[in-house]
There are 2 protein chains.
Amino acid sequence: MTARLVDVAQLAGVSRATASRVIAGTPRNVAPELVERVERAARELGYRTNQSARALRTGTTGTFGVVVPSLANPYFVQLIEALSRRVRADGGVLVVSDAANTPDIEAREIDTLVNGKVDGLIVVPVTTAESGAAIKAAAAIRPIVQFDRWSEGAGTVAVTMDNHAAISMLIDHLRGLGREKIALVAAEQSSSSGAERSAAFRDRLGEAGRAIVLPSITTDAGRKAGRRLIRMRADVDAVVCAADVLAIGLVTTLNRAGVAVPDDVAVTAFDDTAILEVLDPPLTSIRHPLDAMADRAIALLHGDAAAREERVERFAPELVVRASSGAGRER
Amino acid sequence: MTARLVDVAQLAGVSRATASRVIAGTPRNVAPELVERVERAARELGYRTNQSARALRTGTTGTFGVVVPSLANPYFVQLIEALSRRVRADGGVLVVSDAANTPDIEAREIDTLVNGKVDGLIVVPVTTAESGAAIKAAAAIRPIVQFDRWSEGAGTVAVTMDNHAAISMLIDHLRGLGREKIALVAAEQSSSSGAERSAAFRDRLGEAGRAIVLPSITTDAGRKAGRRLIRMRADVDAVVCAADVLAIGLVTTLNRAGVAVPDDVAVTAFDDTAILEVLDPPLTSIRHPLDAMADRAIALLHGDAAAREERVERFAPELVVRASSGAGRER
DNA sequence: ACCTCCTGGGAGATCGATTTCCCATACCCT
DNA sequence: AGGGTATGGGAAATCGATCTCCCAGGAGGT
């Protein structure tokens with residue numbers, strides 16, 4: 001068997017208590033010589049703390065977790081990387097779980113993580129309506145923070161971007177470049193961020209703003225939107241896509257059909273994932289202040305109490321201007 | 001506080017042992033009436049098993065883990081999804097960790113997971129040389145299987161694709177289409193898969209095969225390769241890219257320079273990630289038999305002993321033919 | 001009527017580390 | 001020299017669930 005703390009204590013000729021003080025780093029006061037002896041014994045035996053035992057006793061694990069709807073979405077990967085950097089900076093570890101875009105699976109993953117694997121959990125809910133229950137149940141056990149999206153009745157704080165402000169920035173940007181006939185390309189939204197973007201667009205433009213609504217958020221749906229757009233081309237000189245994959249499908253379709261981007265139609269996207277930059281033309285998009293959001297989310301998890309309040313914190317978006325919106329060639 | 005097992009037992013009027021038999025589902029023989037009583041008591045108290053305690057006692061957690069070099073690589077995400085499907089089919093949960101392409105971070109993640117969070121671990125090693133030590137140490141605690149790549153001296157089994165066969169398939173495919181002047185685009189490889197692909201290419205073509213070697217595996221490096229290729233264009237009519245991102249950078253550069261793909265130069269890639277399909281032209285590539293590999297890896301983890309043998313298992317690759325290799329227009 | 005066998009279920013040990021007391025020793029001061 | 005105060009370190013309780021005995025009682029056989 002592997003060595004236990006008793007073995008280390010025995011070899012060092014001290015009690016389990018003293019050995020624990022040295023190993024766990026709570027050496028409020030242990031004679032330097034004993035510290036040395038315990039450390040040597042531990043090294044000699046190749047001792048490794050049994051984390052299950054420690055977790056049982058202390059109730060903490062030293063790790064955080066994050067559950068995202070799907071790892072196939074590069075934006076969620078960026079988000080994980082930001083959280084991961086933050087957690088690592090504190091000497092911790094972040095474990096990730098993929099909900100496969102399915103609320104049932106999401107519920108199971110949340111349950112598993114919250115139950116003895118992590119001290120706190122970040123959740124990007126799959127849907128506004130169906131993810132709340134699992135989050136609420138988990139929040140009774142560990143602090144939970146919703147991230148990017150939020151779910152109703154989850155009873156926890158949510159750290160998101162200000163989607164209204166983002167839509168306004170895009171509209172102002174396009175208008176500043178002389179575009180007036182602006183359309184929105186969005187999906188029937190089950191996520192809070194999608195719903196907020198659509199609502200913001202309606203609020204700002206009312207009847208003047210056209211909307212192309214799709215059944216899903218995929219490149220394919222974006223291509224479909226492209227085909228529809230070509231038909232209503234006379235009425236549109238700019239498009240706001242509510243997600244990056246939609247924009248990708250849309251732009252490639254327009255390119256092939258000979259509709260010039262941005263000369264005929266300006267295009268903007270969300271999420272600022274890496275592909276947008278290498279597309280032709282590179283896409284103007286909204287970037288989430290992920291580092292600031294990650295800082296805040298982790299701070300809330302540490303605060304614990306602060307996380308147990310149903311409330312949405314919104315961070316200011318950034319606009320990343322690239323060729324697809326036609327800056328530099330106003331008309 | 002939350003309810004403990006002893007509370008459930010008390011409310012149901014049975015001993016802890018009986019309650020445990022019912023809850024843990026080891027009811028070798030408990031009277032149906034008692035089962036009912038315990039279950040009702042548990043429901044009433046909202047009882048949830050303390051997984052740390054269970055893990056301490058039983059030494060198992062019911063979850064598996066996977067550590068990948070980087071989630072930003074879509075191929076690794078596909079790989080995770082295959083593993084995840086497999087684990088979920090058995091009613092388990094898969095937790096993921098991102099090593100940020102850094103052996104030190106990788107070592108910490110492996111250590112954390114193996115220590116009380118998972119029953120077994122899949123690792124895609126960051127490097128051939130530097131990842132072995134951490135894997136070996138972890139393998140002393142839990143069964144570990146290397147996946148896709150392997151690291152020297154790790155002392156565990158590795159489940160990978162047969163890279164030699166893959167390179168052969170590509171070369172045969174290109175030759176069958178009349179291409180004779182084939183070049184390899186690869187990076188200075190620190191990963192086993194990269195090294196194997198380069199070696200296989202040399203084995204097959206010897207001096208006849210040109211090689212463009214780059215410092216890193218990025219889209220940017222691919223663009224650089226494109227520029228070099230344009231200079232040596234007379235000597236090359238087909239390119240085998242050892243990674244998908246290299247192919248992406250290469251093709252976009254060739255496109256812009258007016259070099260026709262596949263008419264002037266045929267291009268093939270690896271990993272068959274989703275982007276390859278939407279590129280213009282869509283890219284021929286090698287697809288990993290991920291589902292079969294995932295099945296095998298999880299089976300090895302269950303087998304335990306089978307995983308503790310240093311050995312490489314290679315799975316047969318599949319060739320996915322698309323427009324970029326010029327099939328249908330042999331010359 | 002008595003013995004054996006089987007089954008259900010309880011008492012208590014156990015997993016391994018942490019942490020709360022509490023005692024012993026040494027030091028300091030008057 | 002005697003009493004008071006730090007300070008180091010040990011014994012034992014504790015976290016919560018599981019699992020190994022082992023016993024009681026009922027069924028079945030002769």
Side-chain angles (χ1 to χ4, degrees), chain A residues 1-39 41-42 45-63 111-112 114-117 119 140-142, chain B residues 1-39 41-42 45-63 111-112 114-117 119 140-142:
Chain A
M1 272 312 263
T2 62
R4 298 172 321 244
L5 187 58
V6 200
D7 305 322
V8 173
Q10 215 157 26
L11 181 60
V14 301
S15 72
R16 288 170 6 253
T18 304
S20 170
R21 288 184 185 110
V22 174
I23 301 288
T26 339
R28 272 216 284 280
N29 31 18
V30 178
E33 191 218 324
L34 289 195
V35 173
E36 165 60 25
R37 255 166 47 201
V38 170
E39 281 172 350
L45 294 172
Y47 172 75
R48 330 199 65 238
T49 1
N50 179 321
Q51 296 296 339
S52 298
R54 193 208 285 267
L56 172 60
R57 181 63 237 240
T58 64
T60 67
T61 65
T63 67
D111 189 79
T112 313
V114 108
N115 237 280
K117 288 207 199 322
D119 292 346
I141 307 186
R142 297 278 183 208
Chain B
M1 271 315 263
T2 62
R4 295 168 324 232
L5 186 59
V6 62
D7 303 322
V8 173
Q10 216 157 25
L11 182 60
V14 300
S15 73
R16 278 156 31 240
T18 303
S20 171
R21 289 184 185 109
V22 174
I23 301 288
T26 340
R28 272 215 283 280
N29 31 17
V30 178
E33 191 217 322
L34 289 194
V35 173
E36 166 60 23
R37 258 171 40 205
V38 170
E39 281 174 350
L45 294 172
Y47 172 75
R48 329 199 67 238
T49 315
N50 179 320
Q51 296 295 340
S52 298
R54 191 207 287 266
L56 172 59
R57 183 64 238 243
T58 65
T60 67
T61 65
T63 67
D111 190 79
T112 316
V114 109
N115 238 280
K117 287 207 200 323
D119 292 344
I141 308 187
R142 297 278 183 209

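In what follows, chains carry the letters A, B, and so on, assigned in the order in which the sequence lines appear, proteins first and then strands, with residues in each chain numbered from 1. Just so it is clear, the model here is predicted, and its values are computed rather than measured.
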Using only atom types and a distance under 3.5 Å, with no angle test, would you say the side chain of A:T58 pairs donor to acceptor with the backbone of A:T60?
yes
Atom CG of A:L34 and atom P of D:dT7 are separated, to the nearest Å, by 17 Å
Can you spot which of A:V14, A:V22, A:L45 makes a side-chain contact (heavy atoms from CB on, under 4.5 Å) with A:V8?
A:L45
How many Å lie between CZ on A:R37 and P on D:dG8, as a whole number?
15 Å
Check the phosphate of C:dT18 against A:S20, side-chain N and O only, distance under 4.0 Å to OP1 or OP2. Yes or no?
yes
Just by distance, no angles: are the side chains of A:T61 and A:D119 close enough, under 3.5 Å, to form a donor-acceptor pair?
yes
The correct set of residues in residues 48-58 of chain A placing a heavy atom under 4.0 Å from DNA chain D is A:L56, A:R57
When you compare the side chain of B:T49 with that of A:N115, does any pair of heavy atoms fall below 4.5 Å?
no
Looking at B:Y47, I'd like to know whether one of its side-chain N or O atoms comes within less than 4.0 Å of OP1 or OP2 on D:dG16.
no
So, do B:N50 and B:R4 sit near enough that their side-chain heavy atoms are less than 4.5 Å apart?
no
Distance-only, no hydrogens or angles: does the B:R16 side chain make a donor-acceptor pair with backbone N or O of B:V6 under 3.5 Å?
no
Any donor-acceptor pair under 3.5 Å from B:T2 side chain to A:I141 backbone:
no
Within a strict 4.5 Å, meaning less than it, do heavy atoms of the B:Y47 and B:L5 side chains meet?
yes
Counting only heavy atoms and a strict 4.0 angstrom limit, can you tell me which residues of residues 5-17 of chain A come near DNA chain C?
A:L5, A:R16, A:A17
Could you check whether B:I23 gets within reach of a base, just the sugar-phosphate, or nothing at all, counting any heavy atom under 4.0 Å?
nothing
Any idea which heavy atoms bring B:A55 and A:S52 closest together, and the distance?
CB-OG, 3.6 Å
Between A:T63 and B:K117, is a side chain to side chain contact (heavy atoms under 4.5 Å, CB included) present by the stated rule, with each step listed?
CA-CA 10 Å; A:T63 67; B:K117 287 207 200 323; 3.3 Å; yes
Quick one: CZ on B:R37 to OG1 on B:T18, what's the gap to the nearest 0.5 Å?
9.5 Å
All N/O contacts under 3.5 Å from nucleotides 26-28 of chain D to the protein, with atom names and distances to one decimal?
none

B:R21 CZ to D:dC21 P, straight-line distance once rounded to whole Å
13 Å
